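In what follows, a single structure is set out as structure tokens and then discussed.
Below, read A as the first sequence line, B as the second, and so on, with proteins coming before strands; counting in each chain starts at 1. Since the structure is predicted, the reported quantities are computational estimates derived from the model, not experimental observations.
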Number of protein chains: 2
Amino acid sequence: MKVDQVDTYEIVKKHFSDYLEKKKQRKTNERFAILKEIFAMDGHFDVETLYMKMRNSNYKVSKATLYNTIELMLECKLVSKLKFNENSNIYEKSYYFKQHDHVLVLETKEILEFCDPRIEEIKRSLEIQFNIRIFDHSLTFYANTIDQIKKK
Amino acid sequence: MKVDQVDTYEIVKKHFSDYLEKKKQRKTNERFAILKEIFAMDGHFDVETLYMKMRNSNYKVSKATLYNTIELMLECKLVSKLKFNENSNIYEKSYYFKQHDHVLVLETKEILEFCDPRIEEIKRSLEIQFNIRIFDHSLTFYANTIDQIKKK
DNA sequence: TTCATTGCAAAGCGTTTGCACGTTC
DNA sequence: GAACGTGCAAACGCTTTGCAATGAA
């Protein structure tokens with residue numbers, strides 16, 4: 001099922017709204033404007049880009065508010081934070097995507113996504129081996145295109 | 001074979017020395033003092049801790065030099081950078097350890113290490129699927145101890 | 001002698017904080 | 001009308017940079 005952007009926004013808006021209510025947080029225009037902007041972007045984004053986009057939109061917000069709001073979205077899983085390198089945090093909207101991992105292609109700066117069941121198997125082995133309960137993971141592969149290899 | 005610290009230092013010193021020569025970089029006392037300090041520490045370290053240790057040692061260096069030197073060690077694989085969270089970069093000496101991944105245990109702040117051949121299998125699958133050449137990866141699991149689960 | 005490397009302090013950069021003002025409940 | 005949320009600018013913490021002095025080759 002392909003869901004267009006308007007529908008997507010309405011659904012995540014309800015999700016966010018419910019979360020705010022549950023946490024007794026206020027439903028401000030800023031928060032919904034940010035949510036809308038994030039879900040209108042495709043793929044991944046960083047705070048600076050989001051900030052610029054909102055400057056140019058009809059609803060300007062400060063960076064403080066952006067960070068505060070993204071924090072709320074992280075809590076309710078509408079957004080997830082990717083830790084590719086320590087100088088630039090990248091986020092992605094996450095509501096409609098099942099859990100996945102990433103491949104960074106260096107030359108093209110592409111972020112490929114994949115989902116491999118063997119991760120889950122490794123997780124189970126580790127839980128038994130160390131007697132722990134794993135609740136999250138982060139896996140990123142770094143790659144070159146074949147073309148790049150040939151050039152070298 | 002168990003290698004004691006002195007031997008370890010002599011071997012990595014040669015490795016580092018060779019690398020500096022190859023890259024036409026100077027062999028300064030600071031660089032070797034930092035190498036010695038890192039390989040005398042066990043496990044992982046952050047820049048601040050290393051800086052403090054060196055302050056109290058008989059060879060004081062500036063942070064600028066520390067960062068510069070660590071950069072060189074990253075290049076020649078004597079040290080690797082762990083990206084657990086964006087506020088605190090953690091490094092580990094890496095010459096004698098084969099490639100491995102990490103499990104962070106939240107309550108105890110333990111860093112467990114493991115090595116699982118299934119990662120290599122996933123890597124090969126991705127290379128074929130996306131027609132790319134993967135040269136590195138980063139995998140971290142986040143866990144709680146079973147005790148912690150029970151307390152909740 | 002030459003010029004890479006160093007130490008120091010200042011600058012950068014992304015993120016957080018403090019406070020007065022504005023808005024939701 | 002009582003907080004909570006916001007914008008702004010200043011503070012933060014880690015890392016990098018600029019520059020004069022040092023020292024490896």
Q | Per-nucleotide protein contact string for nucleotides 18-25 of chain C, where B marks a base within reach and S marks sugar-phosphate only (heavy atoms under 4.0 Å, - for neither) | A | -----BBS
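Atom P of nucleotide D:dG5 and atom NZ of A:Lys24 are separated by 13 Å, given to the nearest angstrom. Taking atom CE of residue B:Met52 and atom C1' of nucleotide D:dC14, one finds them 14 Å apart after rounding to whole Å. Counting to the nearest Å, the C1' atom of D:dT6 and the CD atom of A:Glu71 are 17 Å from each other. Straight-line distance from the CD1 atom of A:Ile70 to the P atom of C:dT16: 10 Å, rounded to whole Å. Put simply, CZ on B:Arg31 is 14 Å from C1' on C:dG7, counting in whole angstrom units. Rounded to a whole Å, the NZ atom of A:Lys63 is 16 Å from the P atom of C:dT17. Computed from coordinates, the A:Leu50 CG to C:dG14 P distance equals 14 Å when rounded to whole Å. Distance A:Leu66 CG to D:dC8 C1': 14 Å, rounded to the nearest Å.
Proximity of B:Thr65 to the phosphate of C:dG7: a side-chain N or O atom is located under 4.0 Å from OP1 or OP2. Of the side-chain N and O atoms in B:Asn68, one or more sit less than 4.0 angstrom from OP1 or OP2 of C:dT6.
Other cluster members for A:Leu139: A:Val103, A:Val105, A:Leu112, A:Phe114, A:Ile119, A:Ile122, A:Leu126, A:Phe130, A:Ile132, A:Ile134, A:Phe141, B:Val103, B:Val105, B:Leu112, B:Phe114, B:Ile119, B:Ile122, B:Leu126, B:Phe130, B:Ile132, B:Ile134, B:Leu139, B:Phe141, joined by side-chain heavy-atom distances under 4.5 Å among Ile, Leu, Val, Met, Phe, Trp and Tyr.
By the salt bridge (Lys or Arg N to Asp or Glu O under 4.0 Å) test, A:Asp18 pairs with A:Lys14, sequence neighbours left out. By the salt bridge (Lys or Arg N to Asp or Glu O under 4.0 Å) test, A:Lys36 pairs with no residue at all, sequence neighbours left out. In this view, B:Lys22 satisfies the salt bridge (Lys or Arg N to Asp or Glu O under 4.0 Å) rule with no residue, not counting sequence neighbours.
For the pair B:Glu48 and B:Glu30, nearest-nucleotide mapping onto DNA chain D gives the more 5' position to B:Glu48.
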Identify every side-chain donor-acceptor pair in residues 48-55 of chain A under 3.5 Å, counting partners at least two apart or on other chains, and give the distances.
from	atom 1	to	atom 2	distance (Å)
A:Glu48	OE1	A:Lys63	NZ	2.5
A:Thr49	OG1	A:Asp46	OD1	2.7
A:Thr49	OG1	A:Asp46	OD2	3.2
A:Tyr51	OH	A:Arg55	NH1	2.8

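Contact check on A:Glu121 versus A:Arg118 returns no salt bridge, with no Lys/Arg side-chain nitrogen under 4.0 Å from an Asp/Glu carboxylate oxygen.
The cationic group of B:Lys27 does not satisfy the cation-pi geometry with B:Phe32, failing either the under 6.0 Å distance to the six-membered ring centre or the 45° limit from the ring axis.
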